[in-house]
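Note sheet for the following structure.
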Amino acid sequence: MKLKAAGKAGAARLPVGARTRAPLVQAALTGAYPDARCELEFRDPFELLVATVLSAQATDVSVNKATPALFGRFPDAHAMSVAEAEDIEPLIRSIGLYRAKARNLAALARQLVERHGGEVPNDFAAVVALPGAGRKTANVVLSNAYGYPAIAVDTHVGRLARRLGLSAQSNPDKVEADLERLFPRERWVFLHHALILHGRRVCFARRPNCPGCVMRDFCPKIGVTEMQPETGQVPA
DNA sequence: ATCCCGAGGG
DNA sequence: CCCTCTGGAT
């Protein structure tokens with residue numbers, strides 16, 4: 001009698017056609033963005049962690065503009081751990097959300113010193129537990145610093161996954177689970193960066209350049225985006 | 001669900 | 001003017 005197969009415990013259903021679209025997406029992105037990589041500037045795992053925390057709801061360009069002075073003043077976790085939030089604020093003000101981020105960074109640096117010897121732990125649970133670092137930040141840091149396989153889901157990755165019919169989820173954690181089911185593990189990190197790059201260059205949040213998209217032939221949202229020229233609004 | 005928040009683009 | 005930007009904490 002129960003037609004509804006999976007309860008809350010089971011994995012959510014993928015969009016129709018996701019399994020056949022995934023390899024097409026992978027091939028198109030590999031061809032279009034063979035050199036996709038992290039665009040945050042950093043010299044070591046600590047700098048990557050700080051830059052990623054700062055990148056929440058901010059562009060990588062604005063983060064990269066502020067971090068040289070920030071790292072000049074606080075080159076490592078030990079130096080930053082003795083800072084007050086008020087000492088950090090003026091250095092990151094231009095990024096936005098600066099009070100919460102300064103408070104988090106001061107607490108984060110202290111936690112790195114107190115619990116991890118001043119180093120960024122190579123451990124997902126430990127990074128997620130740091131102030132200001134959630135699942136997305138932990139995935140970015142571990143994949144770029146330590147080669148950990150992950151697809152960090154940010155605003156771009158989530159939007160493109162939905163438009164491309166790879167996930168029907170709005171929750172980033174569920175989108176991540178869908179994408180990791182659809183793509184081979186060794187391509188996860190590349191696909192994360194390639195989806196972001198495509199979101200920045202072509203599949204904009206507001207007015208995507210569908211005619212110039214390498215995936216226009218199989219994207220289920222093609223056409224939908226051209227139906228609302230006045231507002232420029234596009235269904236997610 | 002709401003708040004944090006400056007900078008850049010259309 | 002409006003929306004968006006490699007989210008996270010409450």
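What's counted below: heavy atoms across the whole structure, side chains too, no hydrogens, waters or symmetry copies. Numbers restart at 1 for each chain; the letters A, B, ... are given by sequence-line order, proteins then strands. These numbers come from a predicted model, not from an experiment.
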So ring pair (Phe, Tyr, Trp, His ring centres under 6.0 Å) across residues 119-148 of chain A, not counting sequence neighbours, yields none
To the nearest Å, how far apart are [X] [atom1] and [N] [atom2]?
X	N	atom1	atom2	answer
L105(A)	dA9(C)	CG	C1'	14 Å
I196(A)	dT6(C)	CD1	C1'	4 Å
R159(A)	dC3(C)	CZ	P	15 Å
L49(A)	dT6(C)	CG	C1'	14 Å
L108(A)	dG8(C)	CG	C1'	12 Å
D60(A)	dG7(C)	CG	C1'	15 Å
L195(A)	dT6(C)	CG	P	14 Å
Q111(A)	dA9(C)	CD	C1'	14 Å

Original post:
Using 4.0 Å as the upper bound for N to carboxylate O, is an ion pair formed by R185(A) and E180(A)?
Top reply: no
* Give a yes or no on whether a salt bridge exists between R110(A) and E114(A), defined as a side-chain N under 4.0 angstrom from a carboxylate O. => no
Is [X] close enough to [N] that one of its side-chain N or O atoms is under 4.0 Å from OP1 or OP2 there?
X	N	value
T137(A)	dG7(C)	no
R207(A)	dC3(C)	no
H156(A)	dC5(C)	yes

Identify all pairs in which a protein N or O lies below 3.5 Å from an N or O of nucleotides 4-8 of chain B, and state each distance.
residue	atom	partner	partner atom	Å
dC5(B)	OP1	R99(A)	N	2.5
dC5(B)	OP1	A100(A)	N	3.1
dC5(B)	OP2	R99(A)	NE	2.6
dC5(B)	OP2	R99(A)	NH2	2.4
dC5(B)	O4'	L97(A)	N	2.9
dC5(B)	O2	L97(A)	N	3.2

When A152(A) and V128(A) are each assigned the nearest nucleotide of DNA chain C, the 5'-most assignment goes to A152(A)
Identify whether V141(A) and I151(A) are in the same connected component of the hydrophobic contact network (ILVMFWY, side-chain heavy atoms under 4.5 Å).
no
- Task: For I92(A), report the nucleic acid contact type (base, sugar-phosphate, nothing); a contact means any heavy atom under 4.0 Å.
- Result: nothing
Output, in order, the C-alpha distance, side-chain angles, deciding distance and verdict of side-chain hydrogen bond (donor to acceptor under 3.5 Å, both in side chains) for N139(A) and E176(A). CA-CA 10 Å; N139(A) 277 333; E176(A) 181 186 339; 3.2 Å; yes
Let me check something: any side-chain donor-acceptor pairs from residues 115-123 of chain A under 3.5 Å, sequence neighbours excluded? List them with distances.
residue	atom	partner	partner atom	Å
R115(A)	NH1	Q111(A)	OE1	3.4
D123(A)	OD1	A125(A)	N	3.1
D123(A)	OD1	A126(A)	N	2.8

Practice prompt. I would like to know whether T30(A) and R187(A) meet side-chain hydrogen bond (donor to acceptor under 3.5 Å, both in side chains); could you show each step before the answer?
Written response: CA-CA 10 Å; T30(A) 300; R187(A) 299 300 284 161; 3.1 Å; yes
Could you give the distance separating dT6(C) and dT2(B) at their P atoms, to the nearest angstrom?
-> 24 Å
- Item | Between dG8(C) and dA7(B) - P atom distance, rounded Å | 23 Å
